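Below: one structure, written as structure tokens.
This is a predicted model, so every value here is computed, not measured. Each chain gets a letter, A, B and so on, in the order the sequences are listed, and its residues count up from 1.
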Number of protein chains: 2
Amino acid sequence: MTAIKESSTIQENKHYALEKCPVTFVMEKIGGYWKPIILYHLSTGDKRYSELKRAIPAVTEKMLIQHLKQLETDGLVIREAKPVVPPFVTYSLSEAGKGLLPVIDAMAAWAFKVKDGVYSV
Amino acid sequence: MTAIKESSTIQENKHYALEKCPVTFVMEKIGGYWKPIILYHLSTGDKRYSELKRAIPAVTEKMLIQHLKQLETDGLVIREAKPVVPPFVTYSLSEAGKGLLPVIDAMAAWAFKVKDGVYSV
DNA sequence: CATGATACATACTTTAGGGTAAGTACTTGT
DNA sequence: ACAAGTACTTACCCTAAAGTATGTATCATG
């Protein structure tokens with residue numbers, strides 16, 4: 001979790017956008033290359049860390065946990081670790097996370113419309 | 001409009017995500033700090049360039065046109081310039097752009113739920 | 001005659017995010 | 001004894017996206 005500089009215009013602007021724009025607020029939560037994909041894979045039920053890793057082969061381990069941690073601190077996913085060895089950790093969507101599924105669906109619907117040529121883009 | 005390098009892992013991964021994930025596809029279109037805000041301001045009707053500028057004081061002119069151009073080439077907004085001087089340019093949502101409004105709304109709805117404490121985040 | 005308004009453009013710098021590579025700790029299987 | 005699987009962590013690098021600053025052309029107005 002890369003530390004962020006406190007004083008930079010980019011952060012101030014982000015803050016501005018965050019306050020003014022609910023969409024930016026959501027984007028903060030599910031933005032990034034892998035977060036939506038992770039969310040998608042968790043939408044079908046909880047998964048172990050290694051299952052996610054195998055399900056999304058293109059993601060690096062660093063990115064995977066980094067995003068999982070961020071999703072966790074954002075309250076979108078729940079991490080449950082059984083105190084056994086080898087470790088057994090499962091990730092699942094929280095209620096807030098599940099609440100995002102309609103958003104995801106609306107996005108997917110639009111994307112498919114575009115790909116089907118419904119809009120003349 | 002910063003040129004993108006064709007060969008870099010980040011681009012390959014983006015491509016992967018784009019193919020596999022409709023959500024990432026949408027994110028490509030409306031991601032960035034200012035795009036959602038621009039879209040929001042255009043949702044209430046077409047606006048002149050200077051109106052947008054005044055409506056979103058925190059955005060720099062560079063970012064504003066850069067995103068407007070990108071939204072235009074992505075087919076989400078329509079630019080209309082009257083050949084007069086001083087210039088008179090209006091931006092409005094295309095059909096595809098309007099098609100995104102449900103997505104925006106779903107996002108806003110979720111954001112407000114979070115802020116109202118509906119989810120225990 | 002110079003300032004302001006219109007709608008941009010462009011060179012340069014910074015930073016946040018993503019990527020690479022390697023290491024940790026502990027156990028089971030061969 | 002050593003590889004493999006579990007779930008991470010950490011140090012370092014690279015780039016795309018955002019920001020800064022300034023310039024352009026044309027006309028109206030004071």
Taking only nitrogen or oxygen atoms into account, show me every contact under 3.5 Å that the protein makes with nucleotides 26-30 of chain D, one pair per line with its distance.
none

Atom pairs under 3.5 Å: protein N/O with N/O of nucleotides 20-23 of chain D:
{"unit_1": "D:dT20", "atom_1": "OP1", "unit_2": "A:Thr9", "atom_2": "OG1", "d": "3.2"}

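Closest contact between the side chain of B:Lys69 and the listed nucleotides D:dC8, C:dT6, C:dC8 involves C:dC8. Considering only the side chain of A:Arg54, D:dT6 comes nearest among C:dG18, D:dT6, C:dC8. Closest approach to the A:Gln11 side chain among C:dA16, C:dA9, D:dC8 is made by C:dA16 (side chain taken as heavy atoms from C-beta onward).
If you chain together hydrophobic residues whose side chains sit under 4.5 Å apart, B:Leu39 and B:Leu101 fall into the same group.
A close approach under 4.0 Å does occur between a side-chain nitrogen or oxygen of A:Ser50 and OP1 or OP2 of D:dA7. Look at A:Ser8 and you won't find any side-chain N or O under 4.0 angstrom from OP1 or OP2 of C:dT14. Taking side-chain N and O atoms only, B:Tyr91 has a distance below 4.0 Å to OP1 or OP2 of C:dC8. Put simply, B:His67 has a side-chain N or O that comes within less than 4.0 Å of OP1 or OP2 on D:dA18. The shortest distance between the side-chain N/O atoms of A:Arg48 and the OP1/OP2 oxygens of D:dT6 is not below 4.0 Å.
Rounded to an integer number of Å, the gap from B:Ile56 CD1 to D:dG19 P is 12 Å. To the nearest angstrom, C1' of C:dT28 lies 16 Å from CZ of A:Phe88. Separating the CD1 atom of B:Ile65 from the P atom of D:dG19 is a distance of 13 Å, rounded to the nearest angstrom.
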Under 3.5 Å, which donor-acceptor pairs link side chains of residues 48-59 of chain A to any protein atom two or more places apart or in another chain?
{"unit_1": "A:Arg48", "atom_1": "NH2", "unit_2": "A:Pro87", "atom_2": "O", "d": "3.2"}
{"unit_1": "A:Tyr49", "atom_1": "OH", "unit_2": "A:Glu61", "atom_2": "OE1", "d": "2.9"}
{"unit_1": "A:Glu51", "atom_1": "OE1", "unit_2": "A:Arg48", "atom_2": "N", "d": "2.7"}

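For B:Glu80 against B:Ser92, the heavy-atom pair with the smallest separation is OE1-OG, 4.4 Å.
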